[in-house]
Amino acid sequence: MSATIRDIADIETAHAPNPRRGRLPGWGAALTLAAKILLALVFGLPLVFMIVSSFKPDTQIFGDLGGIQAFLPVGNISLNNYVGVFDRVPFAQFLFNSVLISVLTVGLGLIVNSLAAFALSRIRIPGGRIALGVILATLIVPFEVMALPLLWEVNQLPYFDGSQIVQGWLDTYTVQIVPFVASAFSIFLFYQYFDSIPRELDEAARVDGAGWFRIYRSIIMPLAGPAIATVAILTFLPAWNQYLWPLMVTQSEAVRPAMVGIDYFKQLNTSWGQIMAYASIITIPVLALFVAFQRSFVNSIASQGLKG
Amino acid sequence: MSIVTEPVAASERAAELPSRLPPRKAGTARGRTDAVVGWIMLAPAAILILTFLLVPIGLTFGLAFTNARLISPEPAHFVGLDNFVAVFTDDTFWASLRNTIVFTVVIVPLQSALALVLAVLVNTRTRGTTFFRTVYFLPVVTSIVVVSMLWLFLYQKDGLINVVLSKVGIQGPDWLGDPHWALLAIILMSAWQAMGFHMIIWLSGLQTIPAELYEAASLDGASRWQQFTNVTWPGLRGTRTFILITITIAAFGLFAQVNIMTQGGPLNSTSTLVFQAVRSGFQQQQTGYASAISLVFFVLVLIVTLTQRFLTRDKEARR
Amino acid sequence: MRTKTHRKLMAAGVIVATTALALTGCAKAGGSAGTSGGELVMWTHNAGNKAELGAVQKIVSDFNKSQSTYKVKVQAFPQDSYNQSVTAAAASKKLPCIMDIDGPNVPNWAWAGYLQPLTGLDSTLSKFLPSTVGKYNGKTYSYGYYDVVLAMISRKSTLDAAGIRIPTLDKPWTKTEFDDALAKLKASGKFQYPADFMTGSTGEWWPYAYSPFLQSAGGDLINRSDYKSADGALNGPAALDWAHWFQGLVSNGYIAKKSGAASDQDFMNGKTGILYDGSWAADEMSKKFGSDVVLLPSVDLGKGPKIGGASWQWGVSKTCGNTAGAMAYMKFAAADKYVAQVAKAAGTIPATAAAAAQVPGYGPGEVNAKLRDFSQKQAVVRPVTPGYPFIATTFTKAAQDIINGGDPKSILDQAVKDIDANQKSNNYFK
């Protein structure tokens, strides 16, 4: 089965709202732009504050807080805070840990959750509706509430540490990844998305003799670009921001993730400038991921056709 | 074949066309294979969810009937409904319940509507789109430590918000210190923070609406508002359900902002159910009592969510 | 078609399994409890605090070099979340052999069976400041290298300009004098708020910093005669006096209801005139203001000025697989020179007089020597009961409600009710 993939540029122009049609008159467009810029200020200022403050000494951060200079790189600008960050925290290790944990959680999650959503949405499974209902019900429970029983549970599970089977998953990467791979949120999102793809595609493929895995791999997933991008971003965030769980299950700095590192700066005298520097650095991977996935917010449905 | 090259447009016609194949009944051989394959696909997620979600949740709810403590040399004993009696006679619980409901009722329409506005604004192919999308998403990725520090300052009696208000002639209150205004302060901050998150979800939904429908509508002379109500809004049905349910659940689960900004005060005006559960479980070490609050919370949200599903499902059937 | 599906399935299964196995390469080796490969594991809350962590690590390396039987390994945790990590480790039965504990938690952890009593240290510890030794039920469970004190930090120039007397330990500010001083500072118009009590802090700060005022007024968090009830102590007339005074500070505009994120920075930027903070902030202030900085005793609300006591202390876990080694370390580490080392690194008050003589500034007659006096004369340890964590959070909420304008009597009565119920439901921690 070969797919015809048209040029991405063609797709973008063909499926974006035509800029010439239904356009606002000149003042309408200007108003929209003004609104967008105002909103950008409202949403973007804290990040600007954070980055700008990361170059200022602590006293100046708070001294500047009264006016516009809080958002401007004025005064005693230097890289001291960044130097301090690298000095106080095993930064590379933390960053690596967070990236590894988040990427694996998201990557494995994309497979596991989309498979589940596909099955629930396309295949008539006895008990499927109940399964879906139960899965959705787990969305309700916030993590903090079940953290302690989960801790108890992972302490009972067997673990192969390279040479022998020991009990308990504490202080590993596994314990920070595996419990979070299956996500009711992702399943739900994929489910709603798959629901909007017509069954005719499946049926046509079944007539051609394709099995369900084939359909999943070659028809549905290629069409699911926006859903994949959305799920990737929205599951990367909680994985990256994990704080309570690593506190409870990591003991050595070798597997500790970056979020816990913020606490390193909150000793008796909190070093706010260093917190700003640290926070700035750990925001970058998430932003990079977000910008990279922007390309997938493209109406990619018609980019594939079924042939042969 | 037009059906396979224009799949989404076909979905509109799909409802009228009879399926070309006989319906796959569960009892047939094909149905049985399907069921097996289906469960195999579902298996990894099902096993993980069973192990790492259902078991802990079950344990949590089980603890609600015991006098378990976080740190104690004594094992937990079964105490029946004692914890629940304590919960329902606790003033702080009722305050938390009230605050949680108020918060949810306000923020669900507010945040979902504003996030949709944002999504529509950035659902274009113009040059600055990526920039705007990223900026609107920034509050979601900025560290909560920094965000809360900044908002603590903004909300001070002489902070930036009141300064701006005074320029317009309004005397701003002591936002976080006034029991009447604190919850609103938390609402605004939470909406600001999560808006980008739901904007992304709306965006992915908007992407599924083919441009041809817009073109057809504008050819017919529809104004932008008419295009929105007749093309966009119906096309967002699935996304709408998803957003409604997830925003409601997230709103009920409000915890982090309260924990950092107000710790439930002033005078219980911002205490929420989850905050109270965490506080009594982790800080006051009363694990059994906290589990009871969690169980009550779960039942409440389950009822609300089921009601929502029921109400939205009715509309779909009527369409 | 079906075999293809099954093959794909197996392929997927193998990938998942391999990934899982690949992740195992970062496991910790097993070992008897609290140890790792024959080494004794030690936890400290000092991650991110290079000076103090370095001092502790030096003691450990000295110990390891001094003999060949035992080896201690340090694992550092950040302070803010340390207690949660310990609780989780205790729940998982994975506590280290040696660890440090925040003073007020010692009774709670001792009762819970996390700690075992220290042996062979009685004579050594008799020379330590009483607030640095953690005792429960007649047994010693921990000792600390230092204590910290709370002080009213201000600048001589500020006080002189406003005509405020500079108090001493023998003649502290009385309630009226203090109110007067705050009024004068407010009238001068130079400050956003005359004083800053760090009301924006969360967590243990509230009982640590504000229950001493309650005690100075004659009340207390609980009746220390039998630790059964807080009735009379927390809701009696003395407590109500305290509550009204505390509430008055806010309603008169003397302190912020909720101070900013960094009170020390605000003080240094001239936004407040007096800062109620720990002595650990003094170094920073001295750097900026030199000898203009003054550390003053707390205000006397009736029964003498009181401040909090007890800071981080070291103990041995009950599940330690190598008790002999742990006790050997604890004895080694209690030497005066190490006390001096750590206290100096932390900028805090050394626990023994001999150590104080070795730390610049804390020797007899020196600048910071009076802080030792503050500690000896004013410090009141937090209630020595396993119910302390509950008392702490209940008091925090009560104090916050009071500051927010609630009715002190009903608030304190409710707090007493809750505390009593908790003590009772735990069978008074017998």
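So you know, we letter chains A, B, ... as the sequences are listed, proteins then strands, and number each from 1.
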Point-to-point distance, once rounded to the nearest 0.5 Å, from [atom1] of [X] to [atom2] of [Y]:
X: Ile71(B); Y: Asn105(C); atom1: CD1; atom2: CG; result: 7.5 Å
X: Leu267(B); Y: Asn404(C); atom1: CG; atom2: CG; result: 5.0 Å
X: Gln284(B); Y: Asn422(C); atom1: CD; atom2: CG; result: 7.5 Å
X: Asp90(B); Y: Asp418(C); atom1: CG; atom2: CG; result: 7.5 Å
X: Gln263(B); Y: Lys397(C); atom1: CD; atom2: NZ; result: 11.5 Å
X: Gln400(C); Y: Asn268(B); atom1: CD; atom2: CG; result: 10.5 Å

Query raised in the report: Is atom CH2 of Trp205(C) surrounded by more than 12 heavy atoms (other residues, nucleotides or ligands) closer than 6.0 Å?
Result: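 More than 12 within 6.0 Å, yes.
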
Query raised in the report: So does Lys94(C) have more than 12 non-hydrogen atoms from other groups sitting under 6.0 Å from NZ?
Result: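 Count over threshold, so yes.
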
Looking at every non-hydrogen atom in both residues, tell me the closest pair between [X] and [Y] and how far apart they are.
X: Lys257(C); Y: Gly177(B); answer: NZ-O, 2.8 Å
X: Trp111(C); Y: Pro73(B); answer: O-CG, 3.3 Å
X: Ser72(B); Y: Ala112(C); answer: N-CB, 4.2 Å
X: Gln156(B); Y: Gly260(C); answer: NE2-CA, 3.6 Å
X: Thr393(C); Y: Arg279(B); answer: O-NH2, 3.4 Å

Query raised in the report: Are side-chain heavy atoms of Lys258(C) and Tyr155(B) found at a separation under 4.5 Å?
Result: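 Contact flag for Lys258(C)/Tyr155(B) side chains = no.
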
Query raised in the report: At a heavy-atom separation under 4.5 Å, does Gln283(B) approach chain C through its side chain, its backbone, both, or neither?
Result: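 For Gln283(B), the contact with chain C is made by backbone and side chain together.
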
Query raised in the report: Measuring heavy-atom distances to chain C, does Asp174(B) have an atom under 4.5 Å in its side chain, in its backbone, in both, or in neither?
Result: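 Contact with chain C involves the side chain of Asp174(B) alone.
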
Of the backbone (N, CA, C, O) and the side chain (C-beta and beyond), which part of [X] lies under 4.5 Å from a heavy atom of chain B, both, or neither?
X: Ser425(C); value: side chain
X: Gln192(C); value: side chain
X: Tyr114(C); value: side chain

Query raised in the report: Pick from Arg69(B), Glu74(B), Gln285(B): which one makes a side chain to side chain contact (heavy atoms under 4.5 Å, CB included) with Asn426(C)?
Result: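 In the set Arg69(B), Glu74(B), Gln285(B), the residue that makes a side chain to side chain contact (heavy atoms under 4.5 Å, CB included) with Asn426(C) is Arg69(B).
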
